[in-house]
Amino acid sequence: YWKVWNGALPERPATDSHDDLLAVLTGKFTGREIGCKFAFRGGALSPSTIAARSGTTIRIENRDAFTHELSVEGLAGFTPLEAGPGKARVIPVPAGGPWKLGDRIYGHVEGYLHSMRELVACAPVDANGKFSFQDVPPGPYSLRILRGSEQVASRRITVPAGRALQIDAVSISKGRRK
């Protein structure tokens, strides 16, 4: 932001990004979560809504050129520690939440961590509102769309064997953004 504030770069107009949206699948699945990768990128959490299976840990990589100090409001036993460029922070994920995430160094960085008992897969939502899940085993699942601390949409789906699943548009409540 220093370069924008000091005129070295032009200010970009605000866009309706979907950085605060995360699509997740939940259901009966014993393997490791699919596609649930989260990082600091571009000075923020990407995506800012994060999900992990209850009772596991989640890893947040720092892909920025500067240090972040992640904090998790209300998560017992979590100590904010600095994570420099190229490093990662691991967070234990007990049942409960969602928990508000922040950065003690950069106050504009915020997000939410959701603990989900039967998490199968995660997919970030792109600027056009699209997402995709890769390598999900066939079977019945619940598709949930998370925004901040809320679940803003859900739908039962069945992933077919041997072919791609096409999902009709999912209506998302405007709800407040947290």
Side-chain angles (χ1 to χ4, degrees), residues 17-42 44-64 68 70-79 81 83 86-101 109-172:
S17 75
H18 290 75
D19 291 343
D20 62 342
L21 290 173
L22 181 68
V24 298
L25 290 178
T26 58
K28 301 290 181 200
F29 181 68
T30 56
R32 188 174 176 92
E33 299 100 332
I34 301 166
C36 299
K37 296 187 186 289
F38 307 101
F40 286 106
R41 251 187 231 106
L45 281 168
S46 180
S48 63
T49 302
I50 294 173
R53 192 175 295 151
S54 303
T56 65
T57 59
I58 188 164
R59 179 181 165 90
I60 301 177
E61 296 178 23
N62 184 354
R63 295 187 182 161
D64 280 339
H68 289 278
L70 186 66
S71 63
V72 184
E73 201 173 287
L75 183 58
F78 183 81
T79 304
L81 296 173
K87 303 291 184 196
R89 183 67 210 263
V90 176
I91 302 172
V93 184
W99 292 279
K100 186 172 185 177
L101 304 173
V109 175
E110 59 182 32
Y112 283 88
L113 169 61
H114 293 260
S115 175
M116 307 186 93
R117 191 171 52 87
E118 294 184 324
L119 182 65
V120 175
C122 303
V125 179
D126 72 17
N128 296 316
K130 295 183 180 186
F131 56 89
S132 66
F133 297 101
Q134 304 295 320
D135 303 319
V136 175
Y141 299 99
S142 289
L143 169 65
R144 302 168 192 267
I145 307 296
L146 306 173
R147 172 185 277 148
S149 65
E150 302 173 336
Q151 177 178 295
V152 294
S154 69
R155 176 182 293 170
R156 296 287 300 155
I157 63 167
T158 300
V159 174
R163 47 183 240 266
L165 170 66
Q166 186 76 24
I167 299 173
D168 294 330
V170 176
S171 178
I172 298 173

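All values derive from a computational prediction rather than experimental measurement.
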Requested in this report: Taking all heavy atoms of Val136 and all of Ala121, pick out the closest pair and write down the distance.
Outcome: CG2-CB, 4.1 Å
Query raised in the report: At their closest point, which heavy atom of Ala23 faces which heavy atom of Val125, and how far apart are they?
Result: N-CG2, 4.1 Å
Query raised in the report: Would Phe131 and Leu143 satisfy side-chain contact (heavy atoms from CB on, under 4.5 Å), going step by step from the backbone distance to the final call?
Result: CA-CA 12 Å; Phe131 56 89; Leu143 169 65; 4.0 Å; yes
Query - Under 3.5 Å donor-acceptor, Asp64 side chain and Gly42 backbone - result: yes
**Report entry** Rounded distance (nearest 0.5 Å) linking atom SG of Cys36 with atom CD1 of Ile58
**Finding:** 7.0 Å
Requested in this report: Could you grab the distance from atom CD of Glu150 to atom CG of Asp20, nearest 0.5 Å is fine?
Outcome: 10.5 Å
Query - Ile34 versus Asp135, closest heavy-atom pair with distance - result: CD1-O, 3.5 Å
Report summary line: The reported gap from CG in Leu45 to CG in Leu70 (rounded to nearest 0.5 angstrom) is 6.5 Å
**Report entry** Non-neighbouring partners of Arg156 that pass side chain to side chain donor-acceptor pair (under 3.5 Å), sequence neighbours left out
**Finding:** Ser142
Query raised in the report: Is the side chain of Asn62 donor-acceptor paired with the backbone N or O of Ala83 at a distance under 3.5 Å, no angle test?
Result: yes
Query - Over all atoms of both residues, closest heavy-atom pair of Ser71 and Phe78 - result: CA-CE2, 4.0 Å
Requested in this report: Measure the CG-NE2 distance between Leu146 and His114 for me, rounded to the nearest 0.5 Å.
Outcome: 4.5 Å
Query raised in the report: Hey, does Phe29 have a side-chain heavy atom less than 4.5 Å from the side chain of Pro137?
Result: yes
Query - side chain to side chain donor-acceptor pair (under 3.5 Å) contacts in which one or both residues fall within residues 47-59, not counting sequence neighbours - result: Ser54-Ser115
Query - Leu22 side, atom CG; Phe38 side, atom CZ - distance, nearest 0.5 Å - result: 5.0 Å
Query raised in the report: For Arg41, which residues count as a salt bridge (Lys or Arg N to Asp or Glu O under 4.0 Å) partner, sequence neighbours excluded?
Result: none
Query raised in the report: Is the backbone N or O of Lys130 less than 3.5 Å from a side-chain atom of Asn128, with the two atoms forming a donor-acceptor pair by type?
Result: no
Requested in this report: Using the side-chain contact (heavy atoms from CB on, under 4.5 Å) rule, take Tyr141 and Val159 through it: C-alpha gap first, then chi angles, then the decisive distance, then the call.
Outcome: CA-CA 8 Å; Tyr141 299 99; Val159 174; 3.6 Å; yes
Query raised in the report: For Ala39 and Ile60, which heavy atoms make the closest approach, and how far apart are they?
Result: CA-CG2, 4.0 Å
Requested in this report: Decide yes or no for Val120 and Glu33: does some side-chain heavy atom of the first lie under 4.5 Å from some side-chain heavy atom of the second?
Outcome: no
Report task. Could you pull out all residues at least two apart from Ser132 that satisfy side chain to side chain donor-acceptor pair (under 3.5 Å)? Result -> Gln134
Indicate every side-chain donor-acceptor pair of residues 92-100 with a distance under 3.5 Å to a residue at least two apart or in another chain.
none

Query raised in the report: Partners of Glu73 by side chain to side chain donor-acceptor pair (under 3.5 Å), sequence neighbours excluded?
Result: none
Query raised in the report: Under the side-chain contact (heavy atoms from CB on, under 4.5 Å) criterion, do Leu101 and Glu110 qualify, and how do the steps go?
Result: CA-CA 5 Å; Leu101 304 173; Glu110 59 182 32; over 6 Å; no
Query raised in the report: Rounded to the nearest 0.5 Å, how far apart are CE of Met116 and SG of Cys122?
Result: 8.5 Å
